[in-house]
Amino acid sequence: MGIAATTIFLTMLGIFIWRYPTEEREFRACQVVAAILDRATVVEGQKLTVRSTPALEELRADSPNLWYVVSAGDLHSEYGSEHRPALPFVFPYHGPVGSSVFSTLDQKSTFCLSAVQRGPLRLAMMVGEPQVRFGRIARTFLFRRMFSIMLVALAFAATVAIGSVLTARFVSRGIERVARRALAIDPSAPQGLISLSEVPTELKPLVEALNRAFGEIDAYIRMQRRFLGNAAHQLRTPLTLLRAKIEDVPEPGLKVELVRDVRRLTSLVSAMLDLARLQNHAIEKRPIDLAEITLDVLADFGPSALDAGIELALERDGESPLLVQGVDAAIRSALANLVGNALIHARGARRITATLGRDGISIHDDGAGLPDGAEQGLTEPFQTGNSAGDGAGLGLSIVREIMAAHGGELVISSAPSRGTTMSLYFAAATAPVKSPQLDLQLR
């Protein structure tokens with residue numbers, strides 16, 4: 001930006017010089033001619049000589065009516081006297097040092113008068129009808145004022161650069177504010193739009209486009225969730241009627257298969273309905289004792305574990321409650337999903353352990369575990385780790401949604417022959433005071 005500003009400044013300066021007023025151009029021409037004559041004039045003793053320098057010859061060649069008179073004390077030298085009009089000054093010249101442009105006595109033309117001090121001598125030059133090229137004037141002008149021009153150019157460039165930096169910072173801060181507001185919007189429920197009063201005018205079209213996109217995403221998500229909830233709700237009644245009709249099937253083997261299929265469909269519909277309710281309604285949190293809920297869930301699964309020959313155990317630190325902020329029914333559902341998932345899918349498991357820690361609870365089984373990388377897709381809807389096809393594949397997806405609503409997360413880790421661990425981590429859990437381990441076993 002600074003280089004561009006300097007280039008613009010010098011271009012404008014060139015245009016200014018080119019458009020110089022006539023009086024100013026004559027004065028600059030006077031200075032140029034005086035400088036040429038000054039360098040060409042030599043005073044030796046009682047002799048004054050104007051040497052033929054390349055610059056002087058160029059000036060003479062360009063100016064067919066050129067005349068000049070150079071004097072130093074009582075000495076003087078004259079060129080082009082046939083073109084010289086009557087002058088208001090006489091030689092020798094004893095006026096002040098400096099340069100100026102005067103009119104001739106007949107007021108029909110102008111001439112240049114320049115006087116410089118050379119030690120004890122005063123060198124005076126009167127010049128008329130010079131044809132000085134613009135390039136020579138410009139070079140002289142720039143050379144004599146190079147320092148001032150550079151200072152002005154640097155000041156101009158610095159001003160533009162600083163202004164550009166400040167403008168960029170102002171715009172970047174506006175972009176940062178927009179980015180923070182956009183990051184604060186929940187992608188799953190983007191009702192909070194970015195206020196146009198919080199952003200610079202330059203960014204308002206972008207923010208309006210973002211708000212419009214967020215609105216369309218929000219409408220699509222609401223429509224999708226509404227469809228999911230309505231579909232699940234509408235399917236429950238036909239399934240109930242179908243199960244009642246299955247009771248009249250006379251063949252026992254077919255009846256068992258039909259009951260199993262209807263049970264799976266009912267489980268799937270219930271899971272879909274629970275997921276829709278979780279996504280469509282905000283939850284009201286309150287302090288909940290995670291240890292108490294875990295005991296209840298393990299007790300509920302006690303008979304199923306006994307039938308499967310699997311031992312249920314609870315390990316915890318201390319006797320004091322482990323408090324989390326949440327919804328009792330939702331957390332119970334999440335734990336029940338994890339324990340039920342372990343009972344169904346943990347092939348070869350003999351023991352399922354629920355471990356209460358400082359920031360949540362883990363459910364671990366000592367079964368065959370999952371193949372490498374298989375745990376990555378288990379939390380996606382309709383994904384199941386059971387090759388037999390039992391289960392709807394929504395259990396872990398519901399657990400993930402429950403934990404997201406509580407500001408926590410579900411973490412799954414597994415290794416072949418080492419079992420699987422599913423952990424629920426809560427954002428703000430009140431850790432109990434440490435004491436010896438308590439092992440509660442349900443056999």
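Put simply, the side chain of M403 reaches to within 4.5 Å of the side chain of L424, judged on heavy atoms. L66 is not listed as a side-chain neighbour of Q131, based on a closest heavy-atom distance of 4.5 Å or more. The shortest side-chain heavy-atom distance between V33 and M125 does not fall under the 4.5 Å cut-off. Within the 4.5 Å cutoff, side-chain heavy atoms of V411 are placed close to those of Y425. Between T421 and I412 there is no side-chain heavy-atom pair separated by less than 4.5 Å. Looking at heavy atoms from C-beta onward, Y68 lies in side-chain contact with L56 at the 4.5 angstrom threshold. At least one side-chain heavy atom of L410 sits less than 4.5 Å from a side-chain heavy atom of L338. Residues M126 and W67 meet the side-chain proximity criterion, which asks for heavy atoms closer than 4.5 Å.
With sequence neighbours excluded, the residues that form a side-chain hydrogen bond (donor to acceptor under 3.5 Å, both in side chains) with T420 are S414. Shown here are the side-chain hydrogen bond (donor to acceptor under 3.5 Å, both in side chains) partners of S114, two or more places apart in sequence or in another chain: S99. Not counting sequence neighbours, the partners of R350 by the side chain to side chain contact (heavy atoms under 4.5 Å, CB included) test are D366. Residues satisfying the side chain to side chain contact (heavy atoms under 4.5 Å, CB included) criterion with Q107, sequence neighbours excluded, are S103.
Once rounded to the nearest 0.5 Å, the distance linking CD1 of I293 with CD1 of I288 reads 5.0 Å. Note that CG of L312 and CG of L343 are 6.0 Å apart. Values are rounded to the nearest 0.5 Å. For the atom pair OG of S333 and CD1 of I402, the computed distance is 4.0 Å after rounding to the nearest 0.5 Å. Note that CD1 of I361 and CG of L322 are 8.5 Å apart. Values are rounded to the nearest 0.5 Å.
The heavy-atom pair separating L298 from A354 by the smallest distance is CD1-CB, 4.1 Å. Across every non-hydrogen atom of E129 and S109, the tightest pair is OE2-CB, 3.9 Å. The minimum heavy-atom distance between S423 and S362, with the atom names listed, is OG-OG, 2.7 Å. In plain terms, the two heavy atoms of R418 and H364 that are nearest each other are O-CE1, 3.6 Å. T294 approaches L290 most closely through the heavy-atom pair OG1-O, 2.7 Å. Residue I352 comes nearest to A342 through the heavy atom pair CD1-CB, 3.6 Å, listed as atom of the first residue, atom of the second, then distance.
Between the side chains of S52 and E57, a donor-acceptor pair is found at a separation under 3.5 Å.
Each of I331, D359, D289 was checked for a side-chain contact (heavy atoms from CB on, under 4.5 Å) with V324, and the lone residue meeting it is I331.
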Report the C-alpha separation of E315 and R351 in whole Å, then their side-chain angles, then the decisive distance to 0.1 Å, and conclude whether the salt bridge (Lys or Arg N to Asp or Glu O under 4.0 Å) test is met.
-> CA-CA 13 Å; E315 296 180 357; R351 178 183 173 95; 3.8 Å; yes

Decide yes or no on side chain to side chain contact (heavy atoms under 4.5 Å, CB included) for T110 and F102, but give the supporting numbers first.
-> CA-CA 5 Å; T110 61; F102 296 93; over 6 Å; no

Decide yes or no on side chain to side chain contact (heavy atoms under 4.5 Å, CB included) for E58 and I36, but give the supporting numbers first.
-> CA-CA 10 Å; E58 182 181 351; I36 293 173; over 6 Å; no

Would E409 and R400 satisfy salt bridge (Lys or Arg N to Asp or Glu O under 4.0 Å), going step by step from the backbone distance to the final call?
-> CA-CA 7 Å; E409 62 176 334; R400 183 186 64 181; over 6 Å; no

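Residue-environment remark: CZ (R118) exceeds the threshold of 12 foreign heavy atoms within 6.0 Å.
Not one N or O on the side chain of D365 forms a donor-acceptor pair closer than 3.5 Å with the backbone of A349. Panel note: side chain N341, backbone N337; no donor-acceptor pair is recorded below 3.5 Å.
Residue pairs that meet the salt bridge (Lys or Arg N to Asp or Glu O under 4.0 Å) test with at least one member in residues 332-343, sequence neighbours left out, are D296-R332, D328-R332. Within the structure, no pair that satisfies the side chain to side chain donor-acceptor pair (under 3.5 Å) test touches residues 298-309, not counting sequence neighbours.
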